[in-house]
Enquirer: 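Would you mind keeping the following structure in view while I ask a few things?
Start at 1 with the first residue, then count along the sequence. As the structure is a computational prediction, the values presented were derived from the model and not from experiment. In listed order, ligands and their atoms are each counted from 1.
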Amino acid sequence: MTVDNYIGGEWRPPASGRRVPSTNPARRSETVGFAPDSDRADLEAAVAAADSARRAWRKLAGAQRGALLFKAADLLESRMEEIGRAMTREMGKTIGEAKGETARGAAILRYYAGEGMRPVGDVIPSTDADALMYTTRVPLGVVGVISPWNFPVAIPLWKIAPALIYGNTVVWKPAIETAVTAALVMECFHAAGFPAGVLNMVMGDGAVIGQGIAEHPGIHGVTFTGSNAVGKRVGQIALARGAKYQLEMGGKNPIVVAADADLDLAAEATISGGLRSTGQKCTATSRVIVVRDVYEPFKEKLLAKIKSLRIGDGLDADTWLGPCASQKQYETVLEYIRKGREEGAELLVGGERPGDPALADGFFVSPAVFDRVTAGMTIAREEIFGPVLALMEARDLEEAIELANDTDFGLSASLYTRDLANALTFARESEAGLVRVNAETAGVELQAPFGGMKGSSSHSREQGQAAIEFFTEIKTVFVKP
Ligand SMILES: NC(=O)C1=CN([C@@H]2O[C@H](COP(=O)(O)OP(=O)(O)OC[C@H]3O[C@@H](n4cnc5c(N)ncnc54)[C@H](O)[C@@H]3O)[C@@H](O)[C@H]2O)C=CC1
Ligand SMILES: O=C(O)CCC(=O)C(=O)O
């Protein structure tokens, strides 16, 4: 598939005429599509289209905007198989996960479609008995959406849907690695009949189009998910020109296994939270902090289960673990594995290219478990974004919680215990935006606020009702007859 930009309600080739391939990480010789390598002229056209559409769009009733989101949801759902397959072929996650994410995308669109009919303000008693004082919400104007490849449907939709329902128009820059998936999502919006210019998509290099969005004076708010390095830069650029910004970045998420935990369930949650999507979730489990009394039995169960995971092309129905999403991710993961060994952690299993010749052309790494990891090691501190688990021992639950909080990040944290007092202590003490007891670190529900503490985010929240805080501003109105 040759992908075009989508600007002002039309598919348009990039002004430069240049395109870059999107390849299959399970078979690097296979090209899935060609994405536009756009330049600033394309971005200018998209911002101009979004700007000219925004006054009419904000004037529509919320229910009218919602009706279009409902249509887009139906279309997305009807193309779940096709979109799921494109996602698997472009970034490697298993077809089950990819279709599940597409279904989640439809649910996100429906949730925000309903928001068009919900209250947006309060009536506040004025000290003047004759006056009416109330708050309402107004859109920011044009919103820039910069999204990554790891959830190429869900993440952009949980940004685009609230942006649109609250009356903003959008310029979206998807990750080029998942260009075809993004174009299929965009086709659903096009077929739903959104007015021209309300949603625009421009693909290109992050340093050109992503940075261009951060810098553009015609873009009033920027919402970003991706790496910490890029996120911080986007935030600084937006701040310097007075634009609103929202950053969702990395995690170094711990699972804590208490002495009274159900060890089978804890091992399953460690595997599911740490290794699904090949560990490429910002909510992925990467530090496994186990209380001394159960360290050895837990480790035994974990290793036994990991050895049974089937690695392969995500399109094969019996594959559990696909490849890393790109050569860059693959090399990063191997580099962290090398560093882990060099710094003295013991590699118990995995961390190598699987022997199966059928996998030789892909970016596959067998799931790695490091033992005896200490808090100062690089693999305990930096986000790896790959199938790597770091086992750490704690004297007791108190020390486990201290270790869990000993990180620059604060996205998600999980505890396995049967003791209610432990659960409540963990919920109170965890420095994370998402705390889960007897559930894996990953697994975000679209109707609840999502975001991190410390270096994981810009301290705002996405999804659920919380999204209104970023995508609107409050206007306080005082009317005296
Ligand atoms: N929080 C999360 O969900 C994600 C975290 N990551 C982390 O980032 C690491 C690197 O992955 P990448 O794909 O390279 O992430 P990235 O941060 O470079 O990419 C995310 C988005 O930002 C855009 N971008 C790149 N440079 C930009 C710039 N200078 N200005 C504005 N936008 C720019 C990209 O084109 C993409 O759309 C991963 O190993 C992982 O640790 C990556 C993707 C998602
Ligand atoms: O855990 C999830 O479902 C969402 C993870 C996420 O938001 C991310 O990886 O960026």
Enquirer: Looking at Ala175, which atoms of ligand 1 are within less than 4.0 Å of one of its heavy atoms?
Expert: 37 (O)
Enquirer: Restricting to side chain to side chain donor-acceptor pair (under 3.5 Å), what partner residues turn up for Thr102, sequence neighbours left out?
Expert: none
Enquirer: Ignoring hydrogens and geometry beyond distance, is a side-chain donor-acceptor pair present between Ser272 and Glu440 at under 3.5 Å?
Expert: yes
Enquirer: Among Leu184, Val185, Ile108, which residue satisfies the side-chain contact (heavy atoms from CB on, under 4.5 Å) criterion with Leu76?
Expert: Val185
Enquirer: Flag the pair Arg381 and Asp406 as a salt bridge only when some basic side-chain nitrogen lies within less than 4.0 angstrom of an acidic carboxylate oxygen.
Expert: yes
Enquirer: What protein heavy atom lies closest to atom 38 (C) of ligand 1? Include the residue and the distance to one decimal.
Expert: Gln329 OE1, 3.4 Å
Enquirer: Under a 4.0 Å threshold between the charged nitrogen and the carboxylate oxygen, would Lys454 count as salt-bridged to Asp408?
Expert: no
Enquirer: Would you mind listing each N/O atom of ligand 2 next to any protein N/O under 3.5 Å, plus the distance?
Expert:
from     : atom 1 : to     : atom 2 : distance (Å)
ligand 2 : 1 (O)  : Thr283 : OG1    : 2.6
ligand 2 : 1 (O)  : Gly443 : N      : 3.2
ligand 2 : 3 (O)  : Arg104 : NH1    : 3.1
ligand 2 : 3 (O)  : Arg104 : NH2    : 3.0
ligand 2 : 9 (O)  : Asn150 : ND2    : 3.0
ligand 2 : 9 (O)  : Cys282 : N      : 2.5

Enquirer: Between Phe189 and Phe194, does the ring pair (Phe, Tyr, Trp, His ring centres under 6.0 Å) criterion hold? Intermediate values first, please.
Expert: CA-CA 7 Å; Phe189 280 96; Phe194 280 78; 5.4 Å; yes
Enquirer: Give me the residue, atom name and distance of the protein heavy atom closest to atom 35 (O) of ligand 1.
Expert: Lys173 NZ, 2.8 Å
Enquirer: Decide whether the shortest distance between a heavy atom of Ser147 and an atom of ligand 1 is less than 4.0 Å.
Expert: yes
Enquirer: Give every residue pair that meets the salt bridge (charged side-chain N to carboxylate O under 4.0 Å, His left out) criterion with at least one member in residues 93-109, sequence neighbours excluded.
Expert: Glu81-Lys99, Lys93-Glu101
Enquirer: Return the residue, atom name and 0.1 Å-rounded distance of the protein heavy atom closest to atom 4 (C) of ligand 1.
Expert: Phe385 CZ, 3.4 Å
Enquirer: Which of the numbered atoms in ligand 1 are below 4.0 angstrom from a heavy atom of Pro148?
Expert: 43 (C), 44 (C)
Enquirer: Counting non-hydrogen protein atoms only, what is the nearest one to atom 14 (O) of ligand 1? Give residue, atom name and distance.
Expert: Lys328 NZ, 2.3 Å
Enquirer: Considering the options Thr270, Val256, Val257, which one meets the side-chain contact (heavy atoms from CB on, under 4.5 Å) requirement together with Val290?
Expert: Val257
Enquirer: Does this structure show an ion pair linking Arg85 with Glu82, if we count only N-O contacts that are shorter than 4.0 Å?
Expert: no
Enquirer: Give the minimum heavy-atom separation between Ala183 and Val3, together with the two atoms involved.
Expert: CB-CG1, 3.7 Å
Enquirer: Give the atoms of ligand 1, by number and element, whose distance to some non-hydrogen atom of Thr225 is under 4.0 Å.
Expert: 1 (N), 2 (C), 3 (O), 20 (C)
Enquirer: Enumerate the atoms of ligand 1 whose separation from the nearest heavy atom of Gly210 is less than 4.0 angstrom.
Expert: 30 (N), 31 (C), 32 (N)
Enquirer: Below 3.5 angstrom, do we get any N/O pair linking Glu383 and ligand 1?
Expert: yes
Enquirer: Identify, for atom 3 (O) of ligand 1, the protein heavy atom at the shortest distance, and state residue, atom and that distance.
Expert: Asn150 ND2, 3.3 Å
Enquirer: Should you measure from each heavy atom of Trp149, which atoms of ligand 1 turn up under 4.0 Å away?
Expert: 12 (P), 13 (O)
Enquirer: Can you tell me which residue and heavy atom of the protein come closest to atom 16 (P) of ligand 1, and the distance to 0.1 Å?
Expert: Ser227 OG, 3.7 Å
Enquirer: Do Trp320 and Thr94 have side-chain atoms, one donor and one acceptor, less than 3.5 Å apart?
Expert: no
Enquirer: As an exercise, identify every atom of ligand 1 less than 4.0 angstrom from a heavy atom of Gln211.
Expert: 29 (N), 30 (N), 31 (C)
Enquirer: Report the part of Val234 (side chain from C-beta onward, or backbone N, CA, C, O) that has a heavy atom under 4.0 Å from ligand 1; answer both or neither where that applies.
Expert: side chain
Enquirer: Taking atom 18 (O) of ligand 1 as the point of reference, which of Asn228, Val230, Ile176 owns the nearest heavy atom?
Expert: Val230
Enquirer: Would you indicate whether Lys305, at its atom NZ, is surrounded by more than 12 heavy atoms from other residues, nucleotides or ligands within a distance under 6.0 Å?
Expert: yes
Enquirer: Mind running side-chain contact (heavy atoms from CB on, under 4.5 Å) on Glu462 and Glu248 for me, showing each step along the way?
Expert: CA-CA 9 Å; Glu462 300 188 271; Glu248 201 53 63; 3.5 Å; yes
Enquirer: How about Thr319 and Ile311: do any of their side-chain heavy atoms sit closer than 4.5 Å?
Expert: no
Enquirer: Kindly write out the residues that satisfy side chain to side chain donor-acceptor pair (under 3.5 Å) with Thr88, not counting sequence neighbours, or none if the list is empty.
Expert: none
Enquirer: Just need the protein heavy atom nearest to atom 28 (C) of ligand 1, so name the residue and atom and give the distance.
Expert: Gly206 O, 3.3 Å
Enquirer: Do Arg40 and Glu215 pass the salt bridge (charged side-chain N to carboxylate O under 4.0 Å, His left out) test, and can you show the C-alpha distance, the side-chain angles, and the key distance before you say yes or no?
Expert: CA-CA 11 Å; Arg40 295 279 174 115; Glu215 288 170 354; 3.1 Å; yes
Enquirer: Is there at least one protein heavy-atom neighbour under 4.0 Å from atom 12 (P) of ligand 1?
Expert: yes
Enquirer: Lys281 near ligand 1, heavy-atom distance under 4.0 Å?
Expert: no
Enquirer: I'd like to check whether Phe224 has a polar contact with ligand 1, where a contact means an N/O of the residue lying under 3.5 Å from an N/O of the ligand.
Expert: no
Enquirer: Give a yes/no verdict on whether any heavy atom in Ile146 is under 4.0 Å from an atom of ligand 1.
Expert: yes
Enquirer: How about Trp158 and Tyr112: are their ring centroids closer than 6.0 Å?
Expert: no
Enquirer: Provide, to 0.1 Å, the distance between atom 1 (N) of ligand 1 and the closest protein heavy atom, together with that atom's residue and name.
Expert: Met249 O, 2.8 Å
